[in-house]
Amino acid sequence: MKITLFEQAPYRYLADDFEKKYESCNSTPYSVTTSDGVYSSMRDFMDELMVAARSGYDGLAVTEHAQSSYDMVANPDLVASALAYMTETEALDVAIFPMGRSLGKAREPVRVAEEYASIDVLSGGRLVAGFPIGLHYDASINNGIPPIEIRPRFDENLELILRAWNDPEPFVHNGRFFQYPQVNIWPRPLQPRVPVWITGIGNPRTMQMCLERNFGFNYLSWFGAKLTGKRIFDRFWEIADQVGVPRNPYRLGFTQTIAVAETDEQAEKDYARHLEYAFQKGLGSIPAQKLAMPGGIDIRGVQALVKDPGDFGLYNQMRTATFRDLVDAGVVICGSPATVYEQVREFCSQYGIGTLHAMLGFGSLPRDLAMKNIQLFAQEVAPKLRELWSDTDHANHWWPQRLGGDPTPVTPGVGATEDTPASSTTVKAKVAVK
Amino acid sequence: MTTTKEEFGPSITEEAVSVWNGKLTIRAKIAGAGPPLVYLHPANGLRWDLFLSHLAQSHTVYAIEFPGTSAGDPYAIHLIDSLADMVLAYEEVLRSLGLERPVLVGQSFGGMLAAELASTFPTIASKIVLLSPLGLWREDLPIARWLEAAPEEMATLLFHDPAGAAAQSMLALPEDPDIAAAAIAAQTWATGATAKFCWPIPDRGLRGRIHRVSAPVLVVWGKEDSLVPVGYADEWANEISDAQVAVIDTCGHIAQVEKLDETIEKVDAFLVGNS
């Protein structure tokens, strides 16, 4: 089992009545902040990631959310590049895992290829490249993309980026959305096969794409793993069987919010209100109509979700969810090291999860408690958890070679858009370079 | 392929028109008799209503379904990527149907499409009726961001009196949960398909082209339109050489539903007049 620290950079000092006062955490006026508050929220976030790197985590994972008070990481590659260099100077063998640049949103896909290539070089070949398809509010409101174009753009951009990394010759890209007379990026990734992961919330088409094309799949379980886990993971492995790929746990990642203290009582005392802050003022304060915009979900998906919204778990109650609600739904796992180990292990072994993204800083959690959570988890929980799957023959094909992985090539398969042919879309003509 | 069904009176047939070198099928619902009238529907898809049934008493109404909004063919939306190409495809549809200088009627998004069509092909229509059209933008007259509106918010964006009988008749969902889910999915997808050409700002350069519209234009607006403010009515009148404006009191964005009689009165007067 691989274990990363996953963190967002929330603004930690929102008023108690934030979620009652503001329509969403995606339209919060910046005037609620102070410069000290912004600085310390961001500085602590970086320091926590570095403490994790020094505490033996296998990876550091961050992601992209623009114009949002619950995560001030507008471009995860800026954070990841700082971490790449810092960890390299300290000789820390930790994966740098932006989960990452949304390709349904990106209007400069070649720049995304360049950023990731730079991170791989800065880290000496420790990049794990995550590509979310794109949250609707982020792609369509923050970046003006019509929601119905999110998936077609993702498909074009991903193909273009993979080719920009791998094609030894300069090439022309004549796409639906982008045209480049020459693509010949410098630098290229050090890794001959950069592990590629796609982040999603359960769309079967996305899963099929990951399984056919040999991408890892990250499931973000914000909606409550006890409510959604069985649906999502059973679906994933059933599609794996249909596609005909082995049920290798290392291809499946799972993001879980975790809070650990000396005892169950102490954990609740330390973390409960910060967890409530995280979800009431974070995901709970993203209105549904900003997460599911017309055209962004396939027509059959909308029909299925209207009849059975189960994939969204606790989401509709999250704005007022109490600590107990969050625990009961599995949105968070909170307790002593033994409690946390038992619950996480049970869940990961039940559903075949080989990559855990442990979210150990969250909401208003202050620096000292975040450090405690990260270090206690590293010392008391992670070592035993890491043994999971070590008795199997599965190789980890979705992890950098320098860190013990055995990456295998991306394979042909369907794209993320329904009713479109298998990629690739890129024109194969080569540019004559003098 | 032709199917017939009864709704609100007239017998409606459907015709599938193959355009774009055979790659795209665009469907039209057709009813009535008389000179041709092309109706372009709003963002959430075609709904045959009493206004169209009324128009079918004096015209042959061709209500054209935007690509991606026809039942069973949702991915047609991916076949055309630019508004300019979509306008050409619509011109092909009108030509294939053999419609010579029809009346063009467009509501909201359909109004924008009608104006784009008439800007590109100034002689395509004999007269044009624009019902609360999208298409122009003024920063001091914000158009509601309908794509991120909650369902309950949508009703107040569309109607001055969302609780009124007219509004309720349009907003009501089928009782059968399966049929209701399919209807919600179809309307949601239609809203996404049309947004491809009017999101994030519902002005794709029409302001620069609109002077080319030469047919007489009637602009109809609900005075209390919460989606596209009535202030735009004068914008349209100022940009088009032969335009007249009719503002309807105590009326929201969907005048043809909320104030059917008044809308019919204005439109009929315009269509029979000599302007």
query: So what's closer than 4.5 Å to chain A heavy atoms on B:I201: side chain, backbone, both or neither?
result: neither
- prompt: Using non-hydrogen atoms only, which part of B:A183 is less than 4.5 Å away from chain A: side chain, backbone, both, or neither?
  reply: neither
Can you see which heavy atom on [X] is nearest to which on [Y], and at what distance?
| X | Y | answer |
| --- | --- | --- |
| B:A195 | A:P146 | O-CB, 3.9 Å |
| B:D178 | A:Q303 | O-NE2, 4.3 Å |
| B:W189 | A:I299 | CE3-N, 3.5 Å |
| A:I148 | B:H78 | O-CE1, 3.7 Å |
| B:A185 | A:V302 | CA-CG1, 3.7 Å |
| B:P200 | A:G144 | CD-O, 3.2 Å |

statement: Under 4.5 Å to a heavy atom of chain B? For A:I145 that would be backbone
- request: For residues B:T191 and A:M293, determine if any side-chain heavy atom of one lies less than 4.5 Å from a side-chain heavy atom of the other.
  value: no
Which value, rounded to the nearest 0.5 Å, describes the distance between [X] atom [atom1] and [Y] atom [atom2]?
| X | Y | atom1 | atom2 | result |
| --- | --- | --- | --- | --- |
| B:D81 | A:E149 | CG | CD | 6.5 Å |
| B:L147 | A:H136 | CG | NE2 | 10.0 Å |
| A:D419 | B:L79 | CG | CG | 8.5 Å |
| B:E148 | A:K290 | CD | NZ | 4.0 Å |

query: Got more than 12 heavy atoms from elsewhere within 6.0 Å of CG, B:N21?
result: no
message: I'd like to know whether CZ of A:R231 has more than 12 heavy-atom contacts from other residues, nucleotides or ligands below 6.0 angstrom.
response: yes
message: Quick check against the 3.5 Å criterion: does B:W199 have a side-chain atom that pairs as donor or acceptor with the backbone of A:S140?
response: yes
- prompt: Using a cut-off of under 4.5 Å for heavy-atom pairs, which of B:P151, B:A149, B:C198, B:A150 has the most such pairs with chain A?
  reply: B:A150
query: Among A:G296, A:G295, A:P287, who wins on heavy-atom pairs under 4.5 Å with chain B?
result: A:G295
